Amino acid sequence: MNKQCPCGSQKEMADCCLPYIRTYSAPTAEALMRSRYTAFTLHEADYLFQTTSLAERRFTSKKEILDWAKQNTWLKLEVLESTATTVTFKAYFLDAQGQSQVHHEKSTFKEVQGKWFYVKGRFL
Ligand SMILES: [Zn+2]
């Protein structure tokens, strides 16, 4: 499969986000953020749920994640800034009505026993 990764890395998906999604782990906060975006494009709600920190999982459900992933058409990801534990990005998508939308967020991540988790996001 020669499919360019949806996360915008210019790499093939099999050499970028896909291995992280298959193993439920990513090596850095930015890699996790990028692979979570890719997971949205693939409707991989399991991955999105499993990589959300335990404390946050009670505020979300796999069904909601899946509905959100499916109802939008994911166009493009732009990573604007990343540090060891935060990533600021813009995700471009078409909503269920076909309106173009930009989701601008600063996400915070944390590492627990060698695995990275999404903690929370602040909309910008
Ligand atoms: Zn990727």
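Since this is a predicted model, take the numbers as computed values, not measurements. When a ligand or atom number is given, it counts from 1 through the structure's own listing order.
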Check your understanding: Salt bridge or not for E64 and K62, using N-O below 4.0 Å?
Key -> no

Exercise for review: Identify the two heavy atoms, one from C16 and one from K11, that lie closest to each other, and give their separation to 0.1 Å.
Suggested key: CB-CB, 4.1 Å

Exercise for review: Give the total of protein N/O/S atoms at a distance below 2.8 Å from the Zn ion (ligand 1).
Suggested key: 4

Review point. Can you name the closest pair of heavy atoms from Y47 and Y20 and give their distance?
Key: CE1-O, 3.3 Å

Review point. Are S53 and K110 close enough, and set up right, to give a side-chain contact (heavy atoms from CB on, under 4.5 Å), and what steps lead you there?
Key: CA-CA 8 Å; S53 78; K110 73 170 176 185; 4.1 Å; yes

Point to revise | salt_bridge(R22, E44) N-O dist < 4.0 Å | key: yes

Exercise for review: Would you mind checking if R34 and E30 are paired as a salt bridge, meaning a charged N to carboxylate O distance below 4.0 Å?
Suggested key: yes

